[in-house]
Every structure is written in C-alpha cells, then in structure tokens.
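Right, one structure below, let's go through it.
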Amino acid sequence: MLEPTTTQLRNSLRQTFRERRKSLSLGEQQEAAEALLEHYKTLPITTGAKRVAIYMTNDGELSTLPLIDFLWSQNIEVYLPVLHPFCDGYLLFVSYTKDSLMLANNFGILEPILECHKICPVLELDIIFTPLVAFDEKGNRLGMGGGFYDRTLEFVSKRNKCESNPSFNKMADVSTQQKNAPTLVGLAHDIQQCLSLPTEAWDIPLPYIVTPTRFFNFTHNM
Ligand SMILES: Nc1ncnc2c1ncn2[C@@H]1O[C@H](COP(=O)(O)OP(=O)(O)OP(=O)(O)O)[C@@H](O)[C@H]1O
Ligand SMILES: [Mg+2]
C-alpha cells in the first residue's frame, strides 16, 4: 500500500483534531474558556502590551470572549483579523471595541467592518494570539488549511529570528529601529496537543502556546 502524502496526513489530522474540539460540550467549552483566562492572568505575556490581536472563536475553538473582556478591562487595544480585500490569503488586523459593527466573512466568522483608520499595521502589534487546530511538542502549528496566518506572519517570524540573533542589533541602524516584532502566542484546548505534526516549508511555528492548564515556551527550538 502507498504511504500517505504529507498533505493527506495533514488533512486527516486536521479532521481528527477538529472533530475532537467540536465534540466538547457547551459546559466543557465554558469551563475551558474561564480556565484559560485564570491561567492567562498568572502569565507575564501581556506585561506592557498595548495592542493585542486575537480572533473570534469558530469551529469548536477555545472561546476568546472572557480573555477579550479582560484585555479591554486592562485598557489594552484589541484587534481582530479581517480577510484582506485585495491581497488574497492575507489578513488585516482591525480595531475591535464594544461598539464595533460586525459582519460575517466568507467563512461565517465575525469581523469588524473594515475602516482604514482602524487597521493596525502588523509590526505595531505587541502580541498576536493565533487560533490553531493542533500543535506539537516543538511549537509546530496546524491551522484550518487556508494558510492565512502563515502568509500574514511570514515576515514577523523572519524578523523575530533576526532579533534573536545577537549580530542583528549590531548590524541594524539603531536610530531607525522600531519596536520588536509582535510576539506570536497560540491559544488552544489541551486536547489539541499531539506528539509530532508533519510540517511544510511555509508553516510558521509558534514560540508560545497557552492552554487552560499549560504554558509552552518553544523559543529554545527557534
Ligand atoms: N507564505 C506563503 N506564501 C504563499 N502561500 C502560502 C504561504 N503560506 C501558506 N501558503 C499556502 O497556503 C495553503 C495552506 O497552508 P497550510 O495547510 O499550512 O494552512 P494552515 O496553516 O493550516 O492555515 P492557517 O495559516 O490559515 O491557519 C498551502 O497550500 C500553502 O501553499
Ligand atoms: Mg500552516
């Protein structure tokens, strides 16, 4: 029998892990979302953060609503991904407040209405929380299969690699240097962890992942 291809393996894992999270009951989802927030408050991730991108929950993902409320209560600006209207496959991050008018996109996910002055350039965000379908012990991430985060965050990941290289600061012109690139943090249910994911060259790994009970720091792998 022929070995499955990487694409077939990834699709099959995607299906398994999507079904796994969708099978959680409403009560389990609520408990997980509350536990995530309590766990999150113990972590120093958002210390000093002013602008944070997060996402609207979809497809059995861990609910981000309690966390969004908490970020608002801390006067942290919250941004949500919006499908780029001209660059297919890319995301923009648009301000999200209690007064935002929302519209469902092609995937049925709610987005704030796109107004140019409400867009935050990716490099000006401090933290980007990403959704994921599965993650492994090295911080590899399997998403929903659209490549949206991979495309949008490609240059962020490259920049983070440069910044962690000690020769970067020596080479860079300090006067033109901007703030650090945003920190990428995956949010997931505990049951989305697996041992090892088949990856592709374009996949952007995550340096940090937070679940309701665990905090993973993968920066030593990167
Ligand atoms: N940087 C990139 N440039 C061009 N195409 C890309 C890039 N990143 C991903 N893609 C394309 O996107 C498609 C889906 O990628 P992949 O299966 O890794 O999605 P995913 O990581 O599950 O999705 P997402 O990032 O939306 O969560 C692939 O066919 C891939 O060729
Ligand atoms: Mg990917």
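Values in this document were obtained by computation on a predicted structure and should not be read as measured data. Note: hydrogens, waters and symmetry copies are ignored here, and every other heavy atom, side chains too, is used. Just follow the structure's listing: the first ligand is 1, and inside any ligand the first atom is 1.
Between Thr219 and Asn217, the side chains place a donor N or O and an acceptor N or O closer than 3.5 Å (distance only, hydrogens not considered). Between the side chains of His189 and Glu61, no donor N or O sits under 3.5 Å from an acceptor N or O. Inspection of the Glu38 and Tyr40 side chains reveals no N or O donor paired with an N or O acceptor under 3.5 Å.
Separating the CG atom in Leu142 from the SG atom in Cys194 is a distance of 8.0 Å, to the nearest 0.5 Å. Once rounded to the nearest 0.5 Å, the distance linking OG1 of Thr7 with CZ of Arg14 reads 9.0 Å. Atoms CG and CD, from Asp126 and Glu77 in turn, are 9.0 Å apart once rounded to the nearest 0.5 Å.
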ring-ring contact (aromatic ring centres under 6.0 Å, His included) for Phe216 and Phe135? Distances and angles first, verdict last. CA-CA 11 Å; Phe216 298 87; Phe135 67 97; 5.3 Å; yes
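The number of protein N, O or S atoms lying under 2.8 Å from the Mg ion (ligand 2) is 2.
Protein residues are said to neighbour a ligand when one of their heavy atoms lies under 4.0 Å from it; for ligand 1 these are Arg10, Arg14, Arg141, Gly143, Met144, Gly145, Gly146, Gly147, Phe148, Tyr149, Asp150, Arg151, Glu154, Trp202, Asp203.
Residues Val156 and Leu184 share a closest heavy-atom pair of CG1-CD2, 4.1 Å.
Shown here is Lys50, whose NZ atom has no more than 12 heavy atoms of other residues, nucleotides or ligands within 6.0 Å.
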